[in-house]
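Contents: one structure, followed by commentary.
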2 protein chains.
Amino acid sequence: MRKGILELCILGIIEKEKEAYPSDIIQIMKKAEIIVVEGTLYPLLSRLKKGGLLQYKWVESNSGPPRKYYTLTGEGSQYYLELKASWFNLSESVSKIIK
Amino acid sequence: MRKGILELCILGIIEKEKEAYPSDIIQIMKKAEIIVVEGTLYPLLSRLKKGGLLQYKWVESNSGPPRKYYTLTGEGSQYYLELKASWFNLSESVSKIIK
DNA sequence: AACAGTACCTTGTGTTGCAAGGTACTGTTT
DNA sequence: AAACAGTACCTTGCAACACAAGGTACTGTT
């Protein structure tokens with residue numbers, strides 16, 4: 001059921017946080033009760049990066065290996081707005097059907 | 001994005017209409033602005049039938065070939081309630097993240 | 001030196017959705 | 001009667017997505 005919605009959530013988190021690294025994203029989503037695992041997240045982030053929607057920079061951490069901090073590109077922000085609009089439409093349509 | 005949500009919608013339509021045939025379902029969903037095509041719907045209905053959630057009966061039509069009218073089984077009604085609850089939870093979680 | 005913790009990543013599998021094809025029944029037109 | 005249009009059913013092959021289960025590598029602590 002959640003398929004495809006993860007992309008929306010991940011872009012949403014990066015937008016709200018300004019920047020985020022993968023393990024961070026997993027934690028934030030867990031708090032919102034959407035479980036996402038590494039095997040799902042990493043390929044998704046790579047895909048979004050490849051599509052020009054995200055960029056990243058390495059940042060040293062003082063509690064382990066360096067982190068890949070992702071941020072939205074201009075194109076990514078634009079795409080996120082569209083995706084968010086799609087979500088609201090879908091959500092509304094589903095409500096009509098199942099209410 | 002819509003992945004997995006079609007199942008919810010289809011069960012919802014059959015529940016609301018009491019019974020429905022595939023071409024019917026496509027039309028109803030189109031009105032709610034969710035496009036679903038035959039290549040998606042038929043396998044989905046077969047899967048739900050196989051899983052014991054739906055049953056069907058053939059009904060003669062006076063405007064073409066006979067129609068397969070689907071209805072929910074007891075198990076199907078139960079499953080639909082659970083799926084609907086999952087949808088509301090998901091919807092709520094997504095709102096938290098992207099609002 | 002060994003371990004625990006954190007962080008990154010890949011491979012292989014099952015599910016889902018869809019485009020593009022196909023069959024068959026009925027009523028209407030030629 | 002043959003051809004057509006309309007309705008309805010269904011299958012095949014492909015691509016995208018999510019995930020389980022593995023793996024690598026860096027840092028600080030025991």
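Proteins come first, then strands; the chains are lettered A, B, ... in the order of their sequence lines, and each starts at number 1.
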Checklist entry - What closest approach, in Å, do A/Leu45 and A/Pro22 show between heavy atoms, and which atom pair accounts for it? => result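 Smallest heavy-atom distance, with atoms named: CD1-CG, 3.7 Å.
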
Next on the checklist: Rounding to 10°, can you tell me the angle the first-five-pair axis of the helix from C/dA1-D/dT30 to C/dT30-D/dA1 makes with its last-five-pair axis?
Outcome noted: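 It comes to 20° between the two terminal axes.
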
Item to check | Reported CD1-to-OH distance for the pair A/Ile14 and A/Tyr70, which is rounded to 0.5 angstrom | outcome: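 The OH atom of A/Tyr70 is 8.0 Å from CD1 of A/Ile14, to the nearest 0.5 Å.
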
Checklist entry - When you measure from every atom of DNA chain D, which of residues 84-99 of chain A have a heavy atom less than 4.0 Å away? => result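 When residues 84-99 of chain A is checked for heavy atoms under 4.0 Å from DNA chain D, there are no hits whatsoever.
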
Next on the checklist: Using a strict heavy-atom distance below 4.0 Å, which residues from residues 13-24 of chain B are in contact with DNA chain D?
Outcome noted: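 Those residues whose heavy atoms fall under 4.0 Å from DNA chain D, taken from residues 13-24 of chain B in numerical order, are B/Tyr21, B/Pro22, B/Ser23.
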
How many Å lie between [atom1] on [X] and [atom2] on [N], as a whole number?
X       : N      : atom1 : atom2 : value
B/Glu38 : D/dA8  : CD    : C1'   : 8 Å
A/Leu8  : D/dC17 : CG    : P     : 14 Å
A/Leu41 : C/dT6  : CG    : C1'   : 15 Å
B/Tyr69 : D/dC9  : OH    : P     : 9 Å
A/Tyr70 : C/dA7  : OH    : C1'   : 12 Å
A/Ile25 : C/dA7  : CD1   : P     : 12 Å
A/Ile10 : D/dC17 : CD1   : P     : 12 Å
B/Leu48 : D/dC10 : CG    : P     : 14 Å

Checklist entry - For nucleotides 11-17 of chain C, read 5' to 3', which letter fits each nucleotide if B means a protein heavy atom sits under 4.0 Å from the base, S means only the sugar-phosphate is that close, and - means neither? => result ----BSS

Checklist entry - What string of B, S and - do you get for nucleotides 25-30 of chain C 5' to 3' if you count protein non-hydrogen atoms under 4.0 Å? => result BS----

Checklist entry - Of A/Thr71, A/Leu72, A/Thr73, A/Leu44, which meets side chain to side chain contact (heavy atoms under 4.5 Å, CB included) against A/Leu54? => result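 The passing option is A/Leu72.
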
Item to check | Criterion side chain to side chain contact (heavy atoms under 4.5 Å, CB included) on B/Trp58 and B/Arg67, from CA distance to verdict | outcome: CA-CA 6 Å; B/Trp58 286 101; B/Arg67 296 166 177 169; 5.9 Å; no

Item to check | Derivation of the side chain to side chain contact (heavy atoms under 4.5 Å, CB included) call for B/Ile34 and B/Ile5 | outcome: CA-CA 10 Å; B/Ile34 297 181; B/Ile5 294 174; 5.7 Å; no

Item to check | Test side-chain hydrogen bond (donor to acceptor under 3.5 Å, both in side chains) applied to A/Glu60 - qualifying residues, sequence neighbours left out | outcome: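 For A/Glu60, no residue satisfies side-chain hydrogen bond (donor to acceptor under 3.5 Å, both in side chains) once neighbours in sequence are set aside.
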
Checklist entry - Partners of A/Ser61 by side-chain hydrogen bond (donor to acceptor under 3.5 Å, both in side chains), sequence neighbours excluded? => result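 Scan of A/Ser61 (side-chain hydrogen bond (donor to acceptor under 3.5 Å, both in side chains), adjacent residues dropped) gives A/Ser63.
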
Item to check | Residues that A/Tyr69 engages under ring pair (Phe, Tyr, Trp, His ring centres under 6.0 Å), provided they are two or more places apart | outcome: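 Testing A/Tyr69 for ring pair (Phe, Tyr, Trp, His ring centres under 6.0 Å), a comparison that skips the adjacent residues, returns A/Tyr21.
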
Item to check | side-chain hydrogen bond (donor to acceptor under 3.5 Å, both in side chains) pairs, two or more places apart, involving residues 22-33 of chain B | outcome: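 Found none.
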
Which atom pairs, donor and acceptor, lie under 3.5 Å between side-chain atoms of residues 90-99 of chain A and protein residues at least two apart or in another chain?
residue	atom	partner	partner atom	Å
A/Ser93	OG	A/Asn89	O	3.1
A/Ser93	OG	B/Ala32	O	2.9
A/Ser95	OG	A/Ser91	O	2.9

Item to check | Pairs where residues 12-22 of chain B contributes a residue and the test salt bridge (Lys or Arg N to Asp or Glu O under 4.0 Å) is met, not counting sequence neighbours | outcome: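 Pairs touching residues 12-22 of chain B that pass the test: B/Glu19-B/Lys57.
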
Item to check | Crowding at NZ, A/Lys49 (>12 non-hydrogen neighbours, <6.0 Å) | outcome: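 At most 12 heavy atoms, drawn from other residues, nucleotides or ligands, come within 6.0 Å of this atom.
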
Checklist entry - Do A/Ile13 and A/Ile10 have side chains that get closer than 4.5 Å, going by heavy atoms? => result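 Not touching, per the 4.5 Å side-chain cut-off.
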
Checklist entry - Between B/Met29 and B/Leu6, is a side chain to side chain contact (heavy atoms under 4.5 Å, CB included) present by the stated rule, with each step listed? => result CA-CA 9 Å; B/Met29 292 188 73; B/Leu6 296 179; 3.9 Å; yes

Checklist entry - Is there a donor-acceptor contact under 3.5 Å from the side chain of A/Arg2 to the main chain of A/Ile35? => result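 Such a contact is found between A/Arg2 side chain and A/Ile35 backbone.
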
Checklist entry - Tracing side-chain links under 4.5 Å among I, L, V, M, F, W and Y, which residues wind up in one group with A/Tyr42? => result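 Members alongside A/Tyr42: none; it stands by itself.
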
